[in-house]
Amino acid sequence: MSTNKKYKRIISLVPSQTELLVDLGLEENILGVTKFCVHPTHLTKTKTIVGGTKNIKFDKIKELQPDIILCNKEENTKEIVEACRQIAFTHVSDIFTLTDSLELIFLYGSFFGKQVEAKKMVSDLESKIIDFKKFVTNKKNTKVAYFIWRNPWMVAADNTFINHLLELNRFENVYANEERYPEVDIEDIQNKKTKLILLSSEPFPFKEKHIIEIKEHTSNSTPILVDGEYFSWYGSRLLKAFDYFKELHNRI
């Protein structure tokens with residue numbers, strides 16, 4: 001299926017959206033990506049790197065003469081979006097739920113003449129979501145904290161895609177009464193009767209040594225490392241996420 005004539009030259013400033021474009025069959029139309037667009041792994045070698053998600057080299061984007069620039073409200077700053085709009089049409093996604101994710105896939109299908117591929121991907125995802133909901137039906141709610149940063153300690157709270165997926169997993173976020181990504185007192189974990197502490201692989205790369213560190217602050221919680229891509233990437237990575245979540249539940 002041919003790409004929309006209007007949008008053939010794409011810049012993607014969001015890793016999960018870059019992967020989605022590739023999986024929709026649009027790799028040849030991608031001109032520039034961020035250094036964090038690591039899926040598929042060869043992209044950072046074959047495409048022009050235009051910076052990070054928060055630090056963009058606009059001169060490089062201008063040189064590539066894009067038809068469209070893809071951003072995300074959470075990943076990219078308002079200043080970046082405004083600067084991109086001076087260069088080319090800029091679309092800004094804002095994702096909170098799986099429904100938002102499915103709508104974005106359909107939208108990209110429409111933007112780039114990949115409606116058939118988008119419809120197939122959404123259908124596959126819907127099947128996986130239904131299957132996973134059956135899998136967790138009889139699971140007990142587990143109190144969790146999902147850490148995304150250290151020094152300062154920061155967690156994912158309400159109004160985040162991460163929290164939406166935690167709820168889907170029947171993980172009760174002990175910080176769900178707070179907004180977005182608050183800084184928290186690590187000592188407070190003990191008081192919240194948190195059973196599981198999920199240490200994400202991104203944006204801060206938590207390692208085994210941080211499990212030891214966390215254990216110094218709590219005696220009644222179990223810290224484990226989790227793959228942050230499966231909890232926060234809302235594009236085609238979701239096709240693999242639900243199998244990962246099943247494995248996670250079997251592990252805990």
Side-chain angles (χ1 to χ4, degrees), residues 1-34 36-44 46-50 53 56 61 64-76 80-81 84-85 87-133 160-162 164-165 168 227-245:
M1 212 168 175
S2 63
T3 306
N4 186 314
K5 288 181 181 178
K6 190 176 179 183
Y7 303 131
K8 281 190 171 181
R9 302 173 63 80
I10 308 167
I11 300 284
S12 177
L13 303 183
V14 188
S16 58
Q17 293 174 187
T18 302
E19 181 180 41
L20 171 57
L21 293 171
V22 173
D23 289 338
L24 285 173
L26 291 158
E27 182 172 344
E28 67 180 35
N29 298 98
I30 301 171
L31 306 177
V33 297
T34 75
F36 301 115
C37 295
V38 295
H39 295 298
T41 54
H42 64 265
L43 270 194
T44 53
T46 59
K47 305 297 179 181
T48 301
I49 305 296
V50 297
T53 54
I56 302 298
I61 292 181
L64 293 169
Q65 299 181 313
D67 301 320
I68 186 170
I69 304 171
L70 302 177
C71 296
N72 172 263
K73 191 172 182 179
E74 183 173 293
E75 291 271 6
N76 312 121
I80 286 173
V81 170
C84 286
R85 283 176 173 153
I87 302 170
F89 171 70
T90 300
H91 179 264
V92 184
S93 64
D94 196 13
I95 308 296
F96 292 96
T97 66
L98 286 169
T99 299
D100 294 338
S101 300
L102 299 179
E103 288 176 354
L104 182 70
I105 294 168
F106 273 132
L107 183 65
Y108 280 11
S110 176
F111 273 174
F112 306 115
K114 294 289 183 178
Q115 291 94 335
V116 172
E117 292 85 347
K119 186 176 180 180
K120 170 73 163 57
M121 186 180 292
V122 167
S123 177
D124 290 346
L125 267 173
E126 287 175 336
S127 295
K128 287 181 176 291
I129 293 166
I130 291 169
D131 175 69
F132 185 71
K133 285 181 176 178
T160 62
F161 186 66
I162 292 171
H164 178 69
L165 289 187
L168 188 70
D227 191 324
E229 291 176 356
Y230 291 124
F231 279 97
S232 61
W233 286 38
Y234 46 80
S236 48
R237 182 130 301 245
L238 286 169
L239 289 166
K240 302 174 183 177
F242 299 101
D243 287 336
Y244 173 79
F245 293 150

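Computed over heavy atoms, backbone and side chain alike; hydrogens, waters and symmetry mates excluded. These numbers come from a predicted model, not from an experiment.
Aromatic ring orientation, Tyr108 versus His91: perpendicular (interplanar angle above 60°, classes split at 30° and 60°). Aromatic ring pairs are classed by plane angle as parallel below 30°, tilted from 30° to 60° and perpendicular above 60°; the pair Phe111 and Phe89 is perpendicular. Tyr7 and Phe112 have perpendicular rings, their planes meeting at more than 60° on a 0 to 90° scale where under 30° would count as parallel.
Side-chain N or O atoms of Asp23 include none that pairs as donor or acceptor with a backbone N or O of Leu20 at under 3.5 Å. The closest donor-acceptor contact from the side chain of Ser110 to the backbone of Phe106 lies at 3.5 Å or more, if one exists at all. Between the side chain of Ser232 and the backbone N or O of Tyr230 there is no donor-acceptor pair closer than 3.5 Å. With hydrogens and angles ignored, the 3.5 Å screen pairs a side-chain donor or acceptor of Asp67 with a backbone N or O of Lys8. Judged purely by atom type and a 3.5 angstrom limit, Arg9 uses its side chain to pair as donor or acceptor with the backbone of Leu64. Side-chain atoms of Lys47 come within 3.5 Å of backbone atoms of Glu27 as a donor-acceptor pair (strictly under, hydrogens ignored). Side-chain atoms of His164 come within 3.5 Å of backbone N or O of Leu98 as a donor-acceptor pair.
Looking only at side-chain heavy atoms (C-beta outward), Glu229 and Tyr244 stay at 4.5 Å or farther from each other. Using a 4.5 Å heavy-atom cutoff, the side chains of Val14 and Leu70 are not in contact. Taking the side chain as every heavy atom from C-beta outward, Gln65 and Leu31 never approach each other to under 4.5 Å. With a 4.5 Å cut-off on side-chain heavy atoms, Ser16 and Arg237 do not count as touching.
Under the ring-ring contact (aromatic ring centres under 6.0 Å, His included) rule, Phe231 has a single partner from Phe245, Phe161, Phe242, which is Phe245. When Thr34, Asn72, Thr18 are each tested for a side-chain hydrogen bond (donor to acceptor under 3.5 Å, both in side chains) with Ser12, only one passes: Thr18.
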Chi angles and distances behind the salt bridge (charged side-chain N to carboxylate O under 4.0 Å, His left out) call for Asp124, Lys120: CA-CA 6 Å; Asp124 290 346; Lys120 170 73 163 57; 2.7 Å; yes
Derivation and outcome, side-chain contact (heavy atoms from CB on, under 4.5 Å), residues Lys128 and Leu238: CA-CA 9 Å; Lys128 287 181 176 291; Leu238 286 169; over 6 Å; no
Residues Ile49, Thr44; criterion side-chain contact (heavy atoms from CB on, under 4.5 Å); working and verdict: CA-CA 7 Å; Ile49 305 296; Thr44 53; 3.9 Å; yes
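Pairing each heavy atom of Cys37 with each of Pro15, the nearest pair is SG-CA, 3.7 Å. Considering all non-hydrogen atoms of both residues, Val33 and Ile30 come closest at CG1-CG2, 3.6 Å.
In this structure, CD1 on Ile11 lies 7.0 Å from CG on Leu13, to the nearest 0.5 angstrom.
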